[in-house]
Amino acid sequence: MEHFYVWRFNRWKRWLVVILFALFTATFIWFERDGSFSVFSNKEPTALTKGNANESDIALTFNISWGEERVYDILKTLEEKNVQATFFVSGEWAERHPDILKKITEGKHDLGILGYRYKSYLDQDIEEVQKDLKKAREAFDKLGYDDVNLLRPPSGHFNKEIIEVAENMDYKVIHWNVNPNDWKNPGTDSIVDTVMKKTTNGDILLFHASDSAKQTASALKTILPGLKNKGFTFVSITELINQAHAEPKLVD
């Protein structure tokens with residue numbers, strides 16, 4: 001036999017419960033990622049994973065940590081489709097390819113930092129993370145990009161402490177919420193299908209422009225006009241951040 005417990009409250013106690021529940025709801029926000037739920041306070045350090053869900057704007061982002069061949073085809077496709085994107089590049093890569101970095105910015109794309117070395121911050125002491133972020137900033141400053149404040153930690157690995165360190169160094173941590181895993185080269189059709197089915201208002205899409213992503217440029221030729229036809233507008237991460245009601249989240 002199943003047993004049910006019934007709480008009996010008088011009127012003032014019931015109202016107290018309602019008020020407390022409302023306060024809890026206002027303070028904490030639940031969200032789902034990869035089948036798990038996380039909770040965070042609005043006052044906690046946060047990472048941006050999605051823009052305004054009431055707006056049709058979406059952000060196309062690319063990670064680059066090595067190689068120099070695939071990025072040209074991607075930049076050409078973006079130019080042909082008149083789409084603005086945001087490129088997160090490692091400091092090491094930027095130092096080796098200043099000409100490509102110039103081509104990215106000349107195309108009016110946003111620029112973000114992918115750390116200096118492409119090594120997970122969760123595998124490093126917090127002091128090493130600070131040094132890596134400082135070295136990355138110095139690398140971009142020397143190349144003439146002294147206003148870069150968008151950060152995507154290597155492999156998207158971070159926690160509350162890492163976000164706090166980044167924010168103290170005036171970085172804005174940027175994550176994503178649509179990932180077709182294009183670097184695994186699952187097939188052009190697979191990449192297209194994943195993005196077309198999953199993309200909703202305010203989403204941040206993750207792609208790669210490193211040489212490992214052999215099918216990305218081809219997939220974009222279908223994805224970009226396809227998403228436009230569905231009513232989406234491509235904007236930079238900076239523009240997404242500036243929109244009202246963007247949703248910062250602490251990702252576990």
Side-chain angles (χ1 to χ4, degrees), residues 33-34 47-50 58-81 83-105 107 109-123 132 136 139-140 148 150-158 173-199 203-224 226-227 234-237 240 251:
R33 177 176 179 268
D34 297 332
L48 183 72
T49 65
K50 185 179 176 71
I58 57 177
L60 187 68
T61 70
F62 296 89
N63 288 0
I64 313 179
S65 59
W66 70 278
E68 59 183 51
E69 297 179 4
R70 305 294 173 183
V71 63
Y72 288 108
D73 288 339
I74 289 172
L75 287 171
K76 182 179 179 181
T77 301
L78 293 175
E79 182 179 8
E80 291 174 348
K81 304 301 182 183
V83 169
Q84 185 182 23
T86 302
F87 286 79
F88 291 90
V89 305
S90 68
E92 281 185 326
W93 186 90
E95 288 177 335
R96 292 196 299 268
H97 304 289
D99 53 329
I100 303 179
L101 209 62
K102 183 178 180 181
K103 189 172 181 64
I104 290 172
T105 55
H109 301 295
D110 251 8
L111 195 61
I113 291 176
L114 199 63
Y116 181 79
R117 294 183 303 152
Y118 194 78
K119 179 182 178 182
S120 173
Y121 284 167
L122 296 182
D123 294 334
D132 186 85
F140 281 85
V148 181
L150 302 177
L151 170 68
R152 175 167 285 165
S155 299
H157 294 168
F158 55 90
V173 179
I174 310 299
H175 200 54
W176 62 81
N177 63 333
V178 176
N179 178 12
N181 289 306
D182 59 324
W183 64 276
K184 294 182 179 179
N185 300 303
T188 301
D189 289 344
S190 175
I191 296 171
V192 172
D193 289 345
T194 298
V195 174
M196 296 302 295
K197 290 178 181 178
K198 291 188 175 183
T199 302
D203 282 350
I204 299 175
L205 285 60
L206 170 65
F207 289 93
H208 297 77
S210 293
D211 283 356
S212 58
K214 301 176 182 179
Q215 301 163 346
T216 303
S218 178
L220 288 173
K221 293 178 180 179
T222 301
I223 290 171
L224 301 184
L227 290 177
F234 292 97
V235 300
S236 68
I237 287 293
L240 204 69
V251 181

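Only heavy atoms go into these numbers, but all of them, side chains included; no hydrogens, no water, no symmetry mates.
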Kindly say whether [Y] contributes a backbone atom to a donor-acceptor pair with the side chain of [X] at under 3.5 angstrom?
X	Y	value
Tyr118	Ser155	yes
Thr199	Met196	no
Thr61	Leu205	yes
Ser120	Leu122	yes
His109	Ile104	no
Asp182	Gln215	no

Once side-chain contact (heavy atoms from CB on, under 4.5 Å) is applied, do any residues pair with [X], and if so which ones, sequence neighbours excluded?
X	answer
Ala219	Thr188, Ile191, Val192, Ile223
Ala136	Ile113, Tyr116
Arg96	Glu92, Trp93

Shortest non-hydrogen contact from [X] to [Y]?
X	Y	value
Leu150	Leu111	CD1-O, 4.1 Å
Pro180	Pro186	O-CG, 4.1 Å
Leu114	Ser90	CB-N, 3.6 Å
His175	Phe158	ND1-CE2, 3.5 Å
Asn177	Ile204	OD1-N, 2.9 Å

Would you list the atom pairs, donor with acceptor, under 3.5 Å between side chains in residues 63-79 and any protein atom, with sequence neighbours excluded?
unit_1 : atom_1 : unit_2 : atom_2 : d
Asn63  : OD1    : Arg152 : NH1    : 3.0
Glu68  : OE1    : His97  : ND1    : 3.4
Thr77  : OG1    : Asp73  : O      : 2.9

Task: Pro153 vs Val173 side-chain heavy atoms within contact, under 4.5 Å - done: yes

Open item on the list: Could you tell me if the side chain of Trp183 sits less than 4.5 Å from the side chain of Leu206, heavy atoms only?
Closed with: no

TODO: Under the side-chain contact (heavy atoms from CB on, under 4.5 Å) rule, what do Leu240 and Thr86 come out as? Steps first, then yes or no, please.
DONE: CA-CA 11 Å; Leu240 204 69; Thr86 302; over 6 Å; no

TODO: Report, as yes or no, whether the 6.0 Å neighbourhood of atom NZ on Lys221 holds more than 12 heavy atoms from other residues, nucleotides or ligands.
DONE: no

TODO: List for me each residue that meets ring-ring contact (aromatic ring centres under 6.0 Å, His included) alongside Phe62, sequence neighbours excluded, and say none if there are none.
DONE: Phe87, Phe207

TODO: Calculate, to the nearest 0.5 Å, the distance between atoms CG and CZ belonging to Leu101 and Phe140 respectively.
DONE: 6.0 Å

Open item on the list: Going by salt bridge (charged side-chain N to carboxylate O under 4.0 Å, His left out), name the pairs with one or both residues in residues 203-215, residues two or more places apart or in two chains.
Closed with: Lys50-Asp203

